[in-house]
Each structure stands twice: as structure tokens, then as C-alpha cells.
Amino acid sequence: MNSMKIRRTAIAVAAAAMLPLSLAACSDSGSDTKAAPTATAEDAAKTGESTPAGDSMTGDQPFGPACANVPKEGAGSFDGMAKAPVATAASNNPALSTLVTAVKKAGLVDTLNNAKDITVFAPTNDAFAKIPKADLDKILADKDMLTKVLTYHVVGQKLTPQQLENGSFETLQKGMITTSGSGESYKVNDTVNVVCGNVKTANANVYIIDSVLMPK
């Protein structure tokens, strides 16, 4: 009887000693099982994050050095301009105030705002400043001449950057402009640079340029 008790006691002690090890093993196994899905979820998250980033690199976004001068928020921001027709959108961009003044003098605000699917090559204030003041004042004072100059900056279709790579387009003034370039570097009529391109408004694509285009 004593030997039986001793044997039972030894078994009980052994079982008690093994129990923590078994629990630890189960705990480790459980943590391994949980860790694997966590790693997978993280990998999936990384994959999910990389896809939009890749899309944005080839996305339909504004580009060019002068884009940095566009307000980050408000009516003059890219988001704000996208909600307004082109003449109104331009009036909210401080860099285009001279152009807006010219458009108003020519009586073209409604024409541009009501047009559908157009492209506007929009000269900056600095672009207008390149024109000698006497010449600019003469143009601004002559409504017919001003209308011809301004409508020469407008094409009757929405142009993508890809279309500008080697393009020739009729303007609303009935003259022709040519475009060339690739990536984020484009020229109009060989000499005029696009400094902030692919800006969207409610009814137009806008390419901000560094010189005023003159019809031939």
C-alpha cells in the first residue's frame, strides 16, 4: 500500500510539473498563430498603401514649378478652382489677376464660364509684365484686339498632358497653336513654357504659362 501511495504521489508531482510546461507550449503556439495573421495584415496594408501611391505618380494631377504658388486651401486652391467655371476660378488665383482684368475688359467672363470642355492657356501676371507697358495699355484699350489675343489662348476641347507632347490645335480665335514636350515639361509655340499644368476647373483644363501668346 505504501508503494502504491508513493507511486501515485510521484505521478501527481510529475503531472504538476509538466502542466506549466504544457500551458506555456500552448500559449506559445497560440501566440504564433495570432502573430502570423498580424504579419499578413501588415503586409496587406503595405501593399494597399503602395498601390495608391503608384497611381498618384501617374495620376491626373497638376504639375510644374509654379504650382507651389497656388494657395493650399480656399477658392484659389486646386480643389477650389475645380468647383468653379474657368473665369471665376482664375479670379480666385492671385497669380492670374491681370488675365482676369483683361477677360473682364473684353467682356469674355460669361463666354468662358459657359463654355463646355475647353482648355485655357493662362498667362501669369509676370507674363503680362513682359509686355512693354505702352503696348499692354494699347491692347487693353482695344476691345477687338484684346478679344483676339485672349481667345487665342483658348482651345475648344479639354487637352491632356499627353496630347501636348506633339500637338497642333485650333484656338477660338481661329489661329493655330503648337505644343511639345513630355513628362512635366511642355512648351507652347516653341518658346512659351507651361509653369503649372493640368489645373482643373469645372469646365476647363488650365495650363498656366510664362508668356502671353500673340496671334499671328
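Bear in mind the structure is a predicted one, so any value in this text is a computation, not a measurement.
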Problem - Identified side-chain contact (heavy atoms from CB on, under 4.5 Å) partner of Pro215 from the options Lys174, Met176, Gln173 - result: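 The passing option is Gln173.
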
For [X], does the [atom1] atom have more than 12 heavy-atom neighbours from other residues, nucleotides or ligands under 6.0 Å away?
X      : atom1 : value
Lys105 : NZ    : no
Lys83  : NZ    : no
Asn166 : CG    : no
Lys200 : NZ    : yes
Gln162 : CD    : yes

Measure the spacing between [atom1] of [X] and [atom2] of [Y] and express it to the nearest 0.5 Å.
X      : Y      : atom1 : atom2 : answer
Leu172 : Ile118 : CG    : CD1   : 7.0 Å
Ser91  : Asn113 : OG    : CG    : 8.0 Å
Thr124 : Lys130 : OG1   : NZ    : 7.0 Å
Asn92  : Thr201 : CG    : OG1   : 11.5 Å

Exercise: identify the closest heavy-atom pair between [X] and [Y]:
X      : Y      : result
Ala87  : Val109 : CB-O, 3.9 Å
Leu146 : Ala102 : CD2-O, 3.3 Å
Ala202 : Pro85  : CB-N, 3.8 Å
Gln157 : Phe169 : NE2-CD2, 4.0 Å
Ala122 : Val206 : CB-CG1, 3.9 Å
Ile131 : Leu136 : CG2-N, 3.7 Å

Is [X] reaching over with its side chain to a backbone N or O of [Y], donor-acceptor style, under 3.5 angstrom?
X      : Y      : value
Asn125 : Pro94  : yes
Asp210 : Val192 : no
Thr147 : Lys143 : yes
Asn93  : Ala89  : no
Asn203 : Leu112 : yes
Asn114 : Asp110 : yes
Thr119 : Leu159 : yes
Asp142 : Asp144 : yes
His153 : Pro123 : no
Ser77  : Gly74  : yes

Whether the [X] and [Y] side chains hold a donor-acceptor pair (N or O, under 3.5 Å, no angle test) is what I'd like checked.
X      : Y      : result
Asn193 : Lys187 : yes
Asp60  : Asn198 : yes
Asn205 : Thr160 : no

Would you kindly confirm whether [X] and [Y] end up in one hydrophobic cluster when ILVMFWY residues are joined by side chain heavy atoms under 4.5 Å apart?
X      : Y      : answer
Leu213 : Met145 : no
Met214 : Val103 : yes
Leu164 : Tyr152 : yes
Val149 : Phe121 : no
Val195 : Val199 : yes

Exercise for the section: Please report the C-alpha distance between Val188 and Thr178 in whole Å, then the side-chain angles of each, then the deciding distance to 0.1 Å, and finally whether the side-chain contact (heavy atoms from CB on, under 4.5 Å) criterion is met. Expected result: CA-CA 6 Å; Val188 184; Thr178 60; over 6 Å; no

Problem - Centroid separation Tyr186 to Phe63 less than 6.0 Å - result: yes

